[in-house]
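For reference, the structure discussed in these notes is given below.
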Protein chains: 2
Amino acid sequence: MAERTPTRAVTIKDVAAASNVSRATAARALNGYGYVGEAVALRVTQEAARLGYRGNRVAQALRQGQMPIIGFIPGDIQNPFFARIAHDIDVLLRSRRHNLIIASSEENQKQERELLDSLFALNLRGLIVAPASAEGNDHLQRLAAEGYPLVLIDRAVPDVACDTISVDNARGAHEAVNYLIRNGHRRIGVIHDDSRIITAQERLGGYRQALSDSGLPVDPHLMAVSQSTVQHAIDATIRLFSQPDRPTALFTLDSLMTTGALLALRSMGLCVPQDVSLVGFDDFDLATFTDPQITVVSQPVGQIGPLAVQMMMERISGGDSPPRQVRFPTRLIVRGSVARMSQSAR
Amino acid sequence: MAERTPTRAVTIKDVAAASNVSRATAARALNGYGYVGEAVALRVTQEAARLGYRGNRVAQALRQGQMPIIGFIPGDIQNPFFARIAHDIDVLLRSRRHNLIIASSEENQKQERELLDSLFALNLRGLIVAPASAEGNDHLQRLAAEGYPLVLIDRAVPDVACDTISVDNARGAHEAVNYLIRNGHRRIGVIHDDSRIITAQERLGGYRQALSDSGLPVDPHLMAVSQSTVQHAIDATIRLFSQPDRPTALFTLDSLMTTGALLALRSMGLCVPQDVSLVGFDDFDLATFTDPQITVVSQPVGQIGPLAVQMMMERISGGDSPPRQVRFPTRLIVRGSVARMSQSAR
DNA sequence: CACCTGAATGAGATCGGTATCACATCTGGT
DNA sequence: ACCAGATGTGATACCGATCTCATTCAGGTG
């Protein structure tokens, strides 16, 4: 049928020639605008189908100014949290005839800047970003100020006026720690990371606040610095629980740290929840896989992607309403990893 | 500084005007080809920097025929196996100044076809695909025949002549089942799926072959049909182990099924490995998280992405050597989930 | 019957960058 | 002094699709 040299694609010129009309008329027939004769329109569409014509998106994009593509810069695509969101965004965008480019910043702001530049140069329609750092976001600020479609997810940052979707980290952490306190715990350890990721800062803030609200001291000996990897969390947990007067409960700031803590506690021969109670931030597969299952603060992962896409599409189609800042509540899922402290043990 | 209206980007025309040279000269200076005077070159690059000029990739792509983008169609981006590969590909492509578009087929061939079309229309430089089905791959075949840069990963399919990277599924499965046999097991169950994914078929083939090689019968009662989800695997496992003469060992064809099997066995009060020995195909986080840890057939995940990128870049830069078909060996990682059958128990 | 309106079409500009070609200038060798 | 070749620069075509503008022709109106 369609006689095609291997390398050359069918252009609108070919269709026009095959239909004995001009390029302009062919374009009108194929895109259905302006005046086109019925017979001609039919002929053109048939020829297009016969030749296997597919419009060249690049040329269209040049004319119209942009590619039908949205960029997504998550903190780390291998993190199930972001993988899930990426998947949701991808599916929804596709249903709106757009594509998604994913480029992971690997929690590195320098890389984030580079990615931003490189994606921006592709003339995408907009960007969805989970900023790697709470500070130094002038690159985002500039984009937002220019009115470029930008949606921030998971991590709100100050001074950047754009649509933002985040989670109430402070309150979630507060609730988790408070739950431990209500169960009689007084020495509550925390594995946190010293990075500039704002979610971690907010969660640590919630931990501190919960302690002070109950009149408990914020003891530096109970706070172990880690990074957001399983291995670092293992080390930090071991450090924390090798102390003479060790915590009776532990709060971990994300799922990787929770995993690390579990592995470390097991290697130290400490049982959850008999020896140590545990609450983690962010729900994850493993949490229901252990025995007992882990009590966690869960985030509404499934709502973030869809809302991000909705906000993005509104921006793209010219909505210039003031930026929306949505903050989802978290939910404490009580499972079996917290034991009630007896009075005597305090 | 750079006086920019919000919507209009800096073009090479602006740079040329600011430098008092023609567009052609500006282009030469910025891309470093042809003859350009030293002083002029300096002036142009400085003006470009001052104005914040970023080349328009879309225009470049139109001229040169393609976008500096590779497409990737995995079976399921939420599967850690593919997430890992996607990440590797992304990092390597970026170091070669390319971007990656990921579009998950969700193991659905129809969707795969649609994605292929939609990505193809974007004039990408090439596609990396994990075909959803072993059959009906005329869409891939056509692309390969045209000489379009195409690399198939994880799943080799017959009749498509292009670079392919896969894993020796049959041999891996054979080795796993053989290991169970050597440990005295005779009634070895398998959870398989009836889908058209070729890896599953090959692994099931290895299971069958290992049994026949040892003179053991292939008993349909020992084979439970599932799908590649945790929930389906749970059901299949329960069915399998509710029979009167239940298996003493179980082989699962992928990590999701292994997870499901573990959950099901626990819910039935069966202990691994005392009551049932278990070997799974594909290593995964959970496997080292359980007690005892699970013996698995591991695939060289970390090698697939890099090799795929290498092959792709060779194709893009015009290499027209005959298609390479690389098949990686698997490795049996012996951990604690297989018990030796005593003679008496047979 | 001149004039207008709407339908149908083609010619050509345009998007931003790149590549070819032509023109000018300069150098050095004979 | 003259020409070949190297060097620097601008004009212009081109990639493929779209859109504006001009043109043509049919039919209706005063």
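Numbers restart at 1 for each chain; the letters A, B, ... are given by sequence-line order, proteins then strands.
- R43(A) places its CZ atom 14 Å from the P atom of dA8(C), with the value rounded to the nearest Å.
- Rounding to whole angstrom units, CZ of residue R63(B) and P of dT14(C) are separated by 18 Å.
- Between A24(B) and L62(B), the residue anchored closer to the 5' end of DNA chain D is A24(B), taking for each the nucleotide with the nearest heavy atom.
- For dT18(C), one of the phosphate oxygens OP1 or OP2 lies less than 4.0 angstrom from a side-chain nitrogen or oxygen of N31(B).
- For Y35(B), taking side-chain heavy atoms from C-beta onward, the closest of the listed nucleotides dA13(C), dA6(D), dG10(D) is dA6(D).
- Residue G65(A) is classed as having no contact, given no heavy-atom separation below 4.0 Å to the nucleic acid.
- Minimum interatomic distance between R315(B) and S321(B) (heavy atoms only, all atoms of both residues): NH1-O, 2.9 Å.
- Computed from coordinates, the K13(B) NZ to dT12(D) P distance equals 14 Å when rounded to whole Å.
- Taking 4.0 angstrom as the limit, S22(A) places none of its side-chain polar atoms (N or O) nearer than this to OP1 or OP2 of dA11(C).
- A salt bridge is absent between R113(B) and D117(B): the closest approach of a Lys/Arg side-chain nitrogen to an acidic carboxylate oxygen does not fall below 4.0 angstrom.
- Spacing between atom CG of N56(B) and atom P of dC15(C) amounts to 12 Å, rounded to whole angstrom units.
- Of the candidate nucleotides dT18(D), dG17(C), dT20(D), dT20(D) has the atom nearest to the side chain of R28(A).
- V58(A) comes within 4.0 angstrom of nothing in the nucleic acid, heavy atoms only.
- OP1 or OP2 of dT18(C) lies within a sub-4.0 Å distance of a side-chain N or O belonging to Q60(B).
- Here the nucleotide nearest the side chain of T25(B), chosen from dG16(C), dG10(D), dA17(D), is dG10(D).
- Rounded to an integer number of Å, the gap from CG of L42(B) to P of dG8(D) is 15 Å.
- A residue-by-residue look at Y33(A) and V36(B) shows that V36(B) has its nearest nucleotide of DNA chain D further toward the 5' end.
- Within the 4.0 angstrom heavy-atom criterion, only backbone atoms of the sugar-phosphate kind lie near G55(A); the bases stay farther away.
- In this model, a side-chain donor or acceptor of R23(A) finds a partner on the base of dT18(D) within 3.5 Å.
- Protein atom CG of D14(A) is 11 Å distant from nucleotide atom P of dC15(D), rounded to whole Å.
- For the residue pair Q109(B) and H139(B), no side-chain donor N or O sits within less than 3.5 Å of a side-chain acceptor on the partner.
- Under 4.0 Å is where a charged nitrogen must lie from a carboxylate oxygen, and between E114(A) and K110(A) at least one such pair does.
- Residue T11(B) places no side-chain N or O under 4.0 Å from the OP1 or OP2 atom of dG16(C).
- Salt bridge R155(B)/E135(B): absent, no basic N to carboxylate O contact under 4.0 Å.
- Atom CG in L30(A) sits about 9 Å away from atom P in dA17(D), given to the nearest Å.
- Between Y53(B) and the phosphate of dG16(C), there is no side-chain N or O to OP1/OP2 separation shorter than 4.0 Å.
- At the heavy-atom level, V21(A) lies under 4.0 Å from the strands shown only through sugar-phosphate atoms.
- The pair R23(A)-D14(A) does not count as a salt bridge, with every side-chain nitrogen at least 4.0 angstrom from each carboxylate oxygen.
- Q64(B) has its CD atom 18 Å from the P atom of dC14(D), to the nearest Å.
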